[in-house]
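Each chain gets a letter, A, B and so on, in the order its sequence line appears, and its residues count up from 1.
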2 protein chains.
Amino acid sequence: MNAKGPRIQEVAVEAGVSTATVSRTLSNPDLVSEKTREAVLAAVEKTGYRINRAAQNLRKRQAGAILVLLPNLGNPFFSQILSGIESVFATSDLSVLIADTNGIKQDQLTGYFRDTRADGVILLDGGIPRAVLNELAQTTPDNRIVFACEWKPGTDLPSVRSDNRGGAQQAIAHLVQLGHSKIGHIAGPRNNVLTKERLAGFEAAMRNQGLEIVPRWVVDGGDFSLDAGAQAARQFIEMDERPTAVFCGSDLIAMGFISEMHKRGISVPNDFSVVGFDDIEIADRFIPSLTTIRQNRTQLGVLAATTLLGQLSGRAVAAQDNVQLVDVLLIKRGSTAAI
Amino acid sequence: MNAKGPRIQEVAVEAGVSTATVSRTLSNPDLVSEKTREAVLAAVEKTGYRINRAAQNLRKRQAGAILVLLPNLGNPFFSQILSGIESVFATSDLSVLIADTNGIKQDQLTGYFRDTRADGVILLDGGIPRAVLNELAQTTPDNRIVFACEWKPGTDLPSVRSDNRGGAQQAIAHLVQLGHSKIGHIAGPRNNVLTKERLAGFEAAMRNQGLEIVPRWVVDGGDFSLDAGAQAARQFIEMDERPTAVFCGSDLIAMGFISEMHKRGISVPNDFSVVGFDDIEIADRFIPSLTTIRQNRTQLGVLAATTLLGQLSGRAVAAQDNVQLVDVLLIKRGSTAAI
DNA sequence: AAATATTATGTAATCGATTACAAATGAGTG
DNA sequence: CACTCATTTGTAATCGATTACATAATATTT
């Protein structure tokens with residue numbers, strides 16, 4: 001199939017040692033005398049030897065890869081997290097597999113493990129059915145699963161996440177500081193953990209500030225998309241009394257909202273102040289530029305990857321580190337103004 | 001390492017046949033009598049057997065995976081292409097590996113093949129050094145490389161791409177129809193193939209329309225980013241005579257341009273008409289909504305994946321199908337107006 | 001019914017690394 | 001010098017599937 005390169009056997013002959021010694025030199029150099037090590041490395045260099053991963057994986061009963069599962073590959077939000085994950089694994093000799101939980105069937109999913117196609121998973125989808133999760137956990141006895149961004153409540157799997165609640169509170173504090181007291185919230189998809197956290201943060205902050213939470217002003221986004229924001233805007237437009245500011249569950253929601261308001265002749269930030277969540281790249285260049293809560297997506301990816309790598313090498317995550325919270329940051333821009 | 005499931009041996013015993021027969025049943029059912037097939041499948045079902053990919057790959061001298069190489073994982077432009085690719089491979093039993101040419105060293109790259117970690121590549125980066133490409137081609141004798149979106153001029157590897165030139169012409173035709181004759185172009189990164197094609201399309205269209213190409217109005221983007229567009233806007237602002245419309249090498253450039261113009265009090269489309277390229281998701285919700293050339297990114301991904309899959313199964317691409325051109329579509333929106 | 005062709009199945013070698021175990025070598029000690 | 005212990009290396013079994021080849025069973029032809 002491939003132009004086959006040299007085998008470990010050829011390296012052994014070249015170096016005048018056994019294959020066992022070559023293998024040791026490569027994977028555990030300390031076991032080998034310095035003279036031998038040099039001879040072997042020279043032979044590797046000379047022959048251009050590259051290990052055959054399939055053989056190695058078979059013998060070591062491993063997959064040599066980790067799997068990243070995300071709810072929707074088409075969503076740009078994830079690309080930077082992937083980038084962070086990738087950067088960590090690029091230096092290991094594990095490959096990174098990517099799959100979309102959208103198109104995937106439960107069976108295929110657990111198949112990744114039973115097939116020994118992956119040694120661990122980074123789950124970016126908190127909406128994964130519990131049955132699948134159980135099966136995953138069963139097929140990977142030592143908990144080779146790490147959640148990133150989202151997570152599944154009620155499971156004790158390690159997770160890396162942004163401080164969603166804190167972010168919501170920062171957003172509200174900012175609006176209050178600008179003089180707003182009538183504040184609404186456009187939430188994300190109803191059953192999403194992020195939605196719940198941000199909503200909880202919103203409610204806590206409103207209460208702390210002594211502000212009234214008007215139920216009609218807390219609307220369901222359906223999802224985190226532009227359309228969800230536009231849809232919410234239409235709802236607000238039909239109200240006889242409106243808030244003066246809204247905190248949105250995502251930047252996309254915020255932009256969809258602003259865009260739809262704009263179409264109806266309502267201006268942000270003059271008539272409405274809007275805060276987003278995520279700080280996606282375009283936020284800075286949207287018109288108006290978007291005030292938002294920045295998530296450090298690369299760091300989320302890096303942390304998740306590092307954690308999984310730790311698990312794989314046997315370092316179990318200490319219970320108190322089970323949830324790693326990543327700070328978020330309020331970025332003040334043009335979509336919010338004093339009342 | 002993993003809770004080890006049943007082996008093919010156990011299935012064989014359960015079904016009362018040899019391992020060879022089990023293997024045949026699973027990979028080549030026609031070789032086996034119906035009665036045996038049923039017995040084997042029942043045994044597979046009963047034992048919950050899953051193949052061990054490492055063993056299979058070793059024996060078949062394959063990697064069981066394909067590699068997608070992209071210039072920048074953090075760039076959302078690629079996520080939808082990935083999604084298309086993924087959807088094709090989800091039904092095969094090949095895994096999809098993803099790596100970033102940015103962080104990767106040449107050696108690591110060719111290592112993917114020599115290690116037998118990948119059976120084929122989809123290259124989304126036309127800027128890959130020729131040396132690397134040569135080495136890739138050498139280590140994969142049967143041309144298991146397919147370009148998507150971008151490509152490398154002077155190589156005869158199969159490629160799937162949008163009709164960039166045609167897109168540029170549609171853009172110019174649209175502007176001319178609106179009455180514009182003073183038209184500029186903000187190109188992408190100088191050495192990029194897409195940049196060159198779109199620029200060529202721009203020039204051809206201008207000539208066809210009998211319009212003058214003003215060199216100062218054709219500016220270098222540096223890259224395809226928002227910042228590149230903003231930077232170009234600053235250049236235009238300093239000119240004493242400006243065009244009335246610009247065609248941009250990407251949507252991000254267009255948005256950066258519009259945003260920066262807006263900051264300087266110049267309004268799109270009143271003072272300037274702007275056409276983008278790509279039709280990324282936000283284009284429709286940008287303010288103003290962006291007139292642009294839509295690339296069918298999912299289709300690009302699907303076609304590339306299908307082509308590679310064909311190559312892997314021995315179907316060589318016919319010479320005349322070496323370049324697959326995907327149609328683009330002008331989407332008229334709010335960033336262009338009659339003069 | 002014998003001869004031949006076809007289909008179905010089993011036996012055992014093979015893919016290329018790792019590692020348990022054994023053996024050889026060398027160092028240190030009384 | 002004989003003996004113990006540590007270090008280094010080699011031999012060969014092993015991981016779990018696939019497949020070349022041999023053989024058995026069945027169908028077809030004359």
Side-chain angles (χ1 to χ4, degrees), chain A residues 1-41 43-44 47-64 93 111 113-117 119, chain B residues 1-41 43-44 47-65 93-94 111 113-117 119:
Chain A
M1 172 141 303
N2 280 334
K4 34 192 175 298
R7 301 294 124 81
I8 201 172
Q9 174 64 46
E10 289 159 54
V11 178
V13 170
E14 177 70 33
V17 298
S18 72
T19 60
T21 300
V22 175
S23 177
R24 288 187 195 108
T25 307
L26 263 25
S27 59
N28 222 336
D30 292 343
L31 288 179
V32 147
S33 77
E34 174 149 8
K35 220 182 66 189
T36 315
R37 195 184 319 144
E38 279 164 11
V40 169
L41 292 179
V44 166
T47 55
Y49 171 74
R50 282 310 190 108
I51 200 168
N52 179 308
R53 295 287 171 190
Q56 182 183 49
N57 290 336
L58 171 58
R59 178 58 227 241
K60 297 180 94 173
R61 297 159 138 271
Q62 66 182 14
D93 40 40
F113 287 89
R114 298 222 225 82
D115 286 14
T116 38
R117 288 215 275 182
D119 297 315
Chain B
M1 173 144 301
N2 279 334
K4 34 191 173 298
R7 299 296 123 81
I8 200 172
Q9 174 64 47
E10 289 158 54
V11 178
V13 170
E14 177 71 32
V17 298
S18 71
T19 60
T21 299
V22 175
S23 177
R24 289 188 193 105
T25 308
L26 263 24
S27 59
N28 221 337
D30 292 342
L31 288 180
V32 146
S33 77
E34 174 149 7
K35 217 182 67 190
T36 313
R37 194 183 321 142
E38 279 165 9
V40 169
L41 292 178
V44 166
T47 56
Y49 171 73
R50 282 309 190 107
I51 198 168
N52 178 308
R53 294 287 170 191
Q56 183 181 49
N57 290 337
L58 171 59
R59 178 58 228 237
K60 297 179 94 172
R61 299 162 134 272
Q62 66 182 15
D93 39 40
L94 290 161
F113 288 88
R114 298 221 228 82
D115 286 13
T116 36
R117 288 215 274 184
D119 297 315

- Query: What does B:Val22 touch in the nucleic acid at a heavy-atom separation under 4.0 angstrom: a base, only the sugar-phosphate, or nothing?
  - Reply: nothing

Rounded to the nearest Å, what distance is computed from the [atom1] atom of residue [X] to the [atom2] atom of nucleotide [N]?
{"X": "A:Gln9", "N": "D:dT11", "atom1": "CD", "atom2": "P", "result": "10 Å"}
{"X": "B:Lys35", "N": "C:dT7", "atom1": "NZ", "atom2": "P", "result": "18 Å"}
{"X": "A:Gln62", "N": "C:dT18", "atom1": "CD", "atom2": "P", "result": "9 Å"}
{"X": "B:Asn52", "N": "C:dA17", "atom1": "CG", "atom2": "C1'", "result": "14 Å"}
{"X": "B:Asn57", "N": "D:dT18", "atom1": "CG", "atom2": "C1'", "result": "12 Å"}

- Message: Let me confirm one number: the CG-CG distance from B:Asn57 to B:Asp119, rounded to the nearest 0.5 Å.
- Response: 7.5 Å

- Query: Do any side-chain nitrogens or oxygens of B:Ser18 fall under 4.0 Å of OP1 or OP2 in C:dT9?
  - Reply: no

- Query: Between the side-chain atoms of B:Arg50 and the base atoms of D:dG16, is any donor-acceptor pair under 3.5 Å?
  - Reply: no

- Does any donor-acceptor pair link the side chain of B:Arg24 with the base of C:dG10 at a separation under 3.5 Å? yes

- Got a salt bridge between A:Arg117 and B:Asp93, using NZ or NE/NH1/NH2 to carboxylate O under 4.0 Å? no

- Where the side chain of A:Arg61 is concerned, which of C:dT18, D:dG16, C:dT9 is the nearest nucleotide? D:dG16

